[in-house]
Amino acid sequence: MAIKAVAFDVFGTLVRIERPTRPFRKLVRLLHEAGRQRQRDDGIRAMSNVLDLRQAANLFGGMVSEEDLCALEAELHEEIQSISLFDDAIPTMAALKDRGIKVALCSNLAAPYGPPVLKLLPVQPDFCAWSYEASAVKPQPEIYQYLCDGIGCRPEEILMVGDTIEADMVGPRKFGIHGYHLNRQASTPASSDSLRSLSDVLHLI
């Protein structure tokens, strides 16, 4: 079956955060310090709903001072401003487009991070399977179905690559997508499971 689309994870795959501040994680910590018990699905809920920091605080049902919320919003802005592209991101996306291959993004992230990523990309994707719009996170099968529906391809027609083994290789493969793990620090050449650079994708098409 010929590959008709390539789906990329975003953070750690196409882009990096140069100055991480982790405001959503700090929000959960502040809520815990105010008496709210941490829940195992806090991260999933933050990434599978369209929420900013204030809305996340309300969803979690905790009390955070206005001063703390403003500080978190400032840290979120600082973190977003520090997002940068890996050198191989745009050349690989452009080469795929030139070959007539559709390009998609499929990523677990909170809603404030999606639009800034798109602004960085001169090559725009054909579809974005953001977790907060899919109401599901990788490796839940619902997000891969959302990807297939949005890009208009069957699972076996999609190749996916990302830096997280379970979310970007194992989960997609269970769903029928050709998933590959991106390991930029690998000391050995690319294998049947692992890639060292996004440009390795071009050899798989």
Side-chain angles (χ1 to χ4, degrees), residues 1-18 47 80 82-109 111 113-134 136-186 188-205:
M1 178 64 66
I3 297 298
K4 296 182 179 179
V6 174
F8 294 97
D9 171 56
V10 174
F11 288 96
T13 301
L14 293 179
V15 305
R16 62 168 73 84
I17 295 176
E18 303 283 359
M47 292 187 292
I80 287 174
S82 77
I83 297 173
S84 65
L85 289 161
F86 284 105
D87 291 341
D88 53 1
I90 298 307
T92 302
M93 294 176 70
L96 290 169
K97 290 267 195 175
D98 287 344
R99 296 186 187 187
I101 303 295
K102 293 180 180 179
V103 172
L105 307 184
C106 184
S107 189
N108 293 346
L109 72 174
Y113 294 89
V117 167
L118 291 179
K119 287 182 180 179
L120 276 179
L121 296 174
V123 179
Q124 288 297 292
D126 297 285
F127 181 70
C128 296
W130 301 130
S131 59
Y132 58 85
E133 292 180 341
V137 299
K138 300 179 297 184
Q140 295 174 339
E142 291 84 0
I143 193 169
Y144 305 125
Q145 186 62 60
Y146 183 77
L147 167 65
C148 291
D149 293 342
I151 202 68
C153 294
R154 295 190 295 274
E156 63 270 20
E157 296 173 328
I158 301 174
L159 185 151
M160 183 166 178
V161 59
D163 67 317
T164 304
I165 292 177
E166 187 65 31
D168 302 316
M169 186 180 77
V170 176
R173 289 187 178 189
K174 287 180 179 178
F175 194 78
I177 293 171
H178 304 275
Y180 290 86
H181 175 227
L182 176 66
N183 184 1
R184 295 182 181 277
Q185 284 73 48
T188 57
S191 69
S192 59
D193 294 328
S194 180
L195 308 177
R196 291 199 300 178
S197 167
L198 290 180
S199 61
D200 290 336
V201 170
L202 302 175
H203 303 301
L204 298 173
I205 303 300

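FYI, side chains are in, hydrogens and waters are out, and symmetry mates aren't considered; it's all heavy atoms of this structure. These figures come from a predicted structure and were not determined experimentally.
Looking at heavy atoms from C-beta onward, P139 lies out of side-chain contact with V170 at the 4.5 angstrom threshold. Using a 4.5 Å cut-off on side-chain heavy atoms (C-beta onward), I90 and L121 make contact. Counting heavy atoms from C-beta on, the side chains of F11 and I83 come closer than 4.5 Å. Looking at Q185 and N183, their side chains come closer than 4.5 Å, going by heavy atoms from C-beta outward.
When all heavy atoms of L182 and V161 are compared, the closest pair comes out as CB-CG2, 3.9 Å. Nearest approach of V103 to M93, heavy atoms of both residues: CG1-CE, 3.7 Å. Taking both residues in full, the closest heavy atoms of P172 and A167 are given as CD-O, 3.2 Å, listed atom of the first, atom of the second, then distance. Closest heavy-atom contact between A111 and P115: O-CD, 3.5 Å. Here the closest non-hydrogen pair linking D9 and G162 is CB-CA, 3.6 Å. For the residue pair E18 and S84, the shortest heavy atom distance occurs at OE2-OG, 2.7 Å.
Between the S82 side chain and the I17 main chain, no donor and acceptor come within less than 3.5 Å of each other. Between the side chain of K138 and the backbone N or O of G171, no donor-acceptor pair lies under 3.5 Å. In this structure, the side chain of T13 does not engage the main chain of F8 through any donor-acceptor pair within 3.5 Å. Between the side chain of E133 and the backbone N or O of W130 there is no donor-acceptor pair closer than 3.5 Å. Looking only at distances, a side-chain donor or acceptor of R99 sits under 3.5 Å from a matching main-chain atom of L202. Not one N or O on the side chain of H178 forms a donor-acceptor pair closer than 3.5 Å with the backbone of I158. With K4 contributing its side chain and C153 its backbone, the two residues share no donor-acceptor pair below 3.5 Å. Side-chain atoms of D168 come within 3.5 Å of backbone N or O of D163 as a donor-acceptor pair. At least one donor-acceptor pair closer than 3.5 Å links the side chain of Q124 to the backbone N or O of L118.
Between the CD1 atom of I143 and the CG atom of N108 there is a distance of 5.5 Å, given to the nearest 0.5 Å. The line from SG of C106 to CD1 of I151 is 10.5 Å long, rounded to the nearest 0.5 Å. The OG atom of S199 sits 11.0 Å away from atom CG of D87, with the distance rounded to the nearest 0.5 Å. Separation of atoms CD1 (I3) and CD (E156) is listed at 9.0 Å; rounding is to 0.5 Å.
A salt bridge links D193 with R173: the closest approach of a Lys/Arg side-chain nitrogen to an acidic carboxylate oxygen falls below 4.0 angstrom.
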Checklist entry - Step by step, would you call Y113 with S107 a side-chain contact (heavy atoms from CB on, under 4.5 Å)? => result CA-CA 10 Å; Y113 294 89; S107 189; over 6 Å; no

Checklist entry - Given the rule in the side-chain contact (heavy atoms from CB on, under 4.5 Å) test, do V6 and T92 qualify, once you have shown the distances and angles that lead to the verdict? => result CA-CA 10 Å; V6 174; T92 302; over 6 Å; no

Item to check | V201/Y180 under side-chain contact (heavy atoms from CB on, under 4.5 Å): CA gap, chis, key distance, verdict | outcome: CA-CA 9 Å; V201 170; Y180 290 86; over 6 Å; no

Next on the checklist: For a side-chain contact (heavy atoms from CB on, under 4.5 Å) check, start with the C-alpha distance between R184 and D88, then their side-chain angles and the critical distance, and finish with the verdict.
Outcome noted: CA-CA 11 Å; R184 295 182 181 277; D88 53 1; 2.9 Å; yes

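Between Y146 and F127, the ring planes are tilted. Angles from 30° to 60° get that label.
Of the candidates L198, I101, L159, L96 forms a side chain to side chain contact (heavy atoms under 4.5 Å, CB included) with just one, namely I101.
Annotation: D149, atom CG; neighbour count of heavy atoms from other residues, nucleotides and ligands within 6.0 Å is above 12.
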